Amino acid sequence: MKTLTMALLAMCFICTSALANERNEGISCIYKGTTVTATYDLGDNGTVRNRNVVVNSNGGGSYGCMGRCGGGCGWGAPSAYTKDCMDHDKCSLDLGASGGSRDPNCGDEFDHAADGWAWGVWRGCRG
């Protein structure tokens, strides 16, 4: 229980720090089978990409359920489908992201998705 509490507190810190960026959409539910526009930027150069993606589509590999917060699909715990998670999934898929917050391209999208990962299920974002 202590580990879970510490993880949630860390996620809340990340959520709060990400709120300063206007592209953080908070916990915005998205629904399986609908098409949403994933938005992400390329590092610090100001280039923004917008890509239409079907929620829960198979991007291949560990991206078998696009827009679902959390690593992989069907990993056991309930998880949410949110807009910020879709932004991070598409960024990661297209740019081969790794390292969570430290990734130079998708780190900010990772931070934005933290609140969806931590609280999306409780907000009803189950797809």
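Heavy-atom basis, side chains included; hydrogens, waters and symmetry copies ignored. All values reported here derive from a predicted model rather than from experimental measurement.
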Nearest non-hydrogen partners of [X] and [Y], listed with the distance:
X   : Y   : value
C85 : G67 : CB-O, 3.4 Å
R51 : D94 : CG-OD2, 4.2 Å
M66 : G59 : CG-N, 4.1 Å

How long is the span from the [atom1] atom in [X] to the [atom2] atom in [Y], to the nearest 0.5 Å?
X    : Y    : atom1 : atom2 : answer
S28  : R123 : OG    : CZ    : 8.0 Å
C91  : D103 : SG    : CG    : 6.5 Å
D108 : H88  : CG    : NE2   : 9.0 Å
S98  : F110 : OG    : CZ    : 11.5 Å
I27  : C29  : CD1   : SG    : 8.0 Å

Taking the side chain as C-beta and beyond, is there a heavy-atom pair between [X] and [Y] under 4.5 Å?
X    : Y   : result
T35  : V55 : no
D87  : E25 : yes
E109 : D84 : no
L95  : R49 : yes
C69  : T82 : yes
N56  : C65 : yes
C125 : I30 : no
D41  : T47 : no

Applying the 4.5 Å side-chain criterion to the ILVMFWY set and letting contacts propagate, would V53 and W117 be lumped into a single cluster?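 In one cluster: no.
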
Consider only side-chain heavy atoms of I, L, V, M, F, W and Y, link residues closer than 4.5 Å, and tell whether L93 and Y40 are in one cluster. no

For S101 and D111, run side chain to side chain donor-acceptor pair (under 3.5 Å): C-alpha distance rounded to whole Å, both residues' side-chain angles, the deciding distance at 0.1 Å, then the answer. CA-CA 6 Å; S101 290; D111 291 345; 2.3 Å; yes

Quick one, Y81 with R126, criterion side-chain contact (heavy atoms from CB on, under 4.5 Å). Give me CA distance, side-chain angles, the key distance, then yes/no. CA-CA 6 Å; Y81 287 87; R126 294 178 184 236; 5.9 Å; no

Given T39 and N50, is the side chain to side chain donor-acceptor pair (under 3.5 Å) satisfied, shown in steps? CA-CA 5 Å; T39 303; N50 294 296; 2.7 Å; yes

Would you say the side chains of T37 and N52 form a donor-acceptor pair under 3.5 Å?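 There is such a pair (donor and acceptor under 3.5 Å, judged by atom type) between the side chains of T37 and N52.
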
